[in-house]
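Nothing here was measured: the structure is a model prediction, and the numbers come from that model. Every heavy atom of this structure was used, including side-chain atoms; hydrogens, water molecules and symmetry mates were not. Per chain, numbering begins at 1; letters A, B, ... match sequence-line order.
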Protein chains: 2
Amino acid sequence: MSPKKPNGISTTPCQHCPLRDLPHFRDFSSPELDFVSRFKTGELAVESGSVILMEGSHSAHLYTVLHGWAFRYKTLEDGRRQILNYVMPGDLVGLQGTVMGEMQHSVEALSPVTLCVFERSRLNNLFTDHPTLAYDLTWIAASEERMLDNHLLSIGRRTALERAAYLIAFLYSKAKAVNLIQGQTPIPVTQQHVADTLGLSIVHTNKTLRKLVDRDLIRWTDKGCLVLDNDGLSHVAGWQSDEKRQRPFI
Amino acid sequence: MSPKKPNGISTTPCQHCPLRDLPHFRDFSSPELDFVSRFKTGELAVESGSVILMEGSHSAHLYTVLHGWAFRYKTLEDGRRQILNYVMPGDLVGLQGTVMGEMQHSVEALSPVTLCVFERSRLNNLFTDHPTLAYDLTWIAASEERMLDNHLLSIGRRTALERAAYLIAFLYSKAKAVNLIQGQTPIPVTQQHVADTLGLSIVHTNKTLRKLVDRDLIRWTDKGCLVLDNDGLSHVAGWQSDEKRQRPFI
DNA sequence: CGGGACATTGACGGCACTCAAGGGGAGTGG
DNA sequence: CCACTCCCCTTGAGTGCCGTCAATGTCCCG
């Protein structure tokens, strides 16, 4: 089930990928599975807080998250940071670097993270031999774009309270779909992360989150944010959630 | 050169597409060109101000802009609008609707716009028979994502003045690359558009743009925004164009 | 000539920023 | 076991950026 590689790291064979069973992801045909399992060249395990990909780097790899939380971000020269999106199991990381030559953003782990490593050089084969997977890639990119659209709408046009509620409800539902949250698992972010996502200062973020706490919608713990009332959050955010549909991943 | 279709609309054959000659776009092989020209089923001409695609619609079509300016946007229920990005010749429109079933944003023309119309149903052939074009699609989607990342950074972390300067410099350079701007062509936006892009009120947008006018960086005309000093704008925005940035290495 | 779209400007209030100080928990070292 | 440090959350005070309201001017068009 978990064969040891020469370096002693145990890897998960794609045939037994735990994500594949989730209803969130579409089923793969046998040839697709074969290809992906040859496409995968190893696994990468990083600890919480480490930088997985760096803005400006030229990575030869492409990753899919297997376990854990991470986030994408950009920074201005004076240090101002903007978190762009959060990355969870099944999400692709590093496509920009692969397709466009150079990473335009960084990726950092929010928890211990395991990634499947793919060889950039074999990406051509994916397009030539597996059109269904190529379509999936486009699907994934379009879907990522949709999330950014929503985030942009949020930062640009929602109030601070709406923004905060929207972000947490979004993270909650996305994490739930990939079993990252079961029962009372907190979302492993600090208020600094929330602030850098919402485009607010940390002080004002604290005061805004406090309102959500006072309304019994969330609770803040030393491990992160606990969601108590997701419907209440969505209501504050003025958000009717999209229908849950199956999506592909690679 | 411009054969008349039965409906009387003259169309541009892909073999003589004026965009193809721009250095901004890569050359197509003959088979690619043949496919695209069969993929294209017609042209759509809309006037300034009309809505090309509507949020929530299920369009059977996919478009590429041939002439003109447009923009993508989303609205909240109470009418607050966020402009997500601007669309210019060579840009793909409607991929989300095609790939994900339903449009999650709207698209509106800023000027008279001509679009090439593609049949959604033939998209499969693109993936199965033309891997290089499939790769291009992914490239385009990744590139769009990169622009959204930058826009998000801007709205979230730049000051109002920086934001405005960045937006105008961005539009200017993008338009220049596809010959939409030659000499003294204005960017055909109102201050309301700028406000809805930057996430500011129209009053404050006006006062911010005034500062750029007072510094002789732009001029505002009844047709839109004239760029007088693009380098000056980039400087205010704190924007080193991508090529000049320092990058880390190991 | 009236009406609509857009730019402009002033007044005023509030949301969000910076500065500053303090508390609690976890980890480290004496 | 207790200081000490670091990180994170919390709260108050004061300032200012930016939002709303309101009024005016210009241009275009019916």
Original post:
Do any side-chain nitrogens or oxygens of Arg210(A) fall under 4.0 Å of OP1 or OP2 in dC9(D)?
Top reply: no

**OP:** Determine the interplanar angle of the Phe71(B) and Tyr73(B) rings, folded into 0 to 90°, and report it as parallel if under 30°, tilted if 30 to 60°, perpendicular if over 60°.
**Re:**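 Because their plane-to-plane angle lies in the 30° to 60° range, the rings of Phe71(B) and Tyr73(B) count as tilted.
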
Looking for any heavy atom pair under 4.0 Å, which part of the strands does [X] touch: base, sugar-phosphate only, or nothing?
| X | result |
| --- | --- |
| Gly199(B) | sugar-phosphate |
| Leu200(B) | sugar-phosphate |
| Gly224(B) | nothing |
| Thr190(B) | sugar-phosphate |

Original post:
Nearest nucleotide by nearest heavy atom, which residue falls closer to the 5' end of DNA chain C, Val203(B) or His193(B)?
Top reply: His193(B)

Subject >> Which residue lies more 5' along DNA chain C, comparing Gln192(B) with Arg158(A) via nearest heavy atoms >> reply: Gln192(B)

Original post:
Would you find more than 12 non-hydrogen atoms of other residues, nucleotides or ligands less than 6.0 Å from Glu47(A) atom CD?
Top reply: no

Subject >> side chain to side chain donor-acceptor pair (under 3.5 Å) partner of His105(A), the single match among Glu55(A), Arg72(A), Lys74(A) >> reply: Arg72(A)

Subject >> Salt-bridge criterion met for Asp196(A) and Arg157(B) (N-O under 4.0 Å) >> reply: yes

Subject >> Out of dC17(C), dT8(C), dG25(C), whichever nucleotide has its closest atom nearest the side chain of Asn206(B) >> reply: dT8(C)

Original post:
Between Trp220(A) and Lys207(B), who's closer to the 5' end of DNA chain D by nearest nucleotide?
Top reply: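 Residue closer to the 5' terminus by nearest nucleotide: Trp220(A).
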
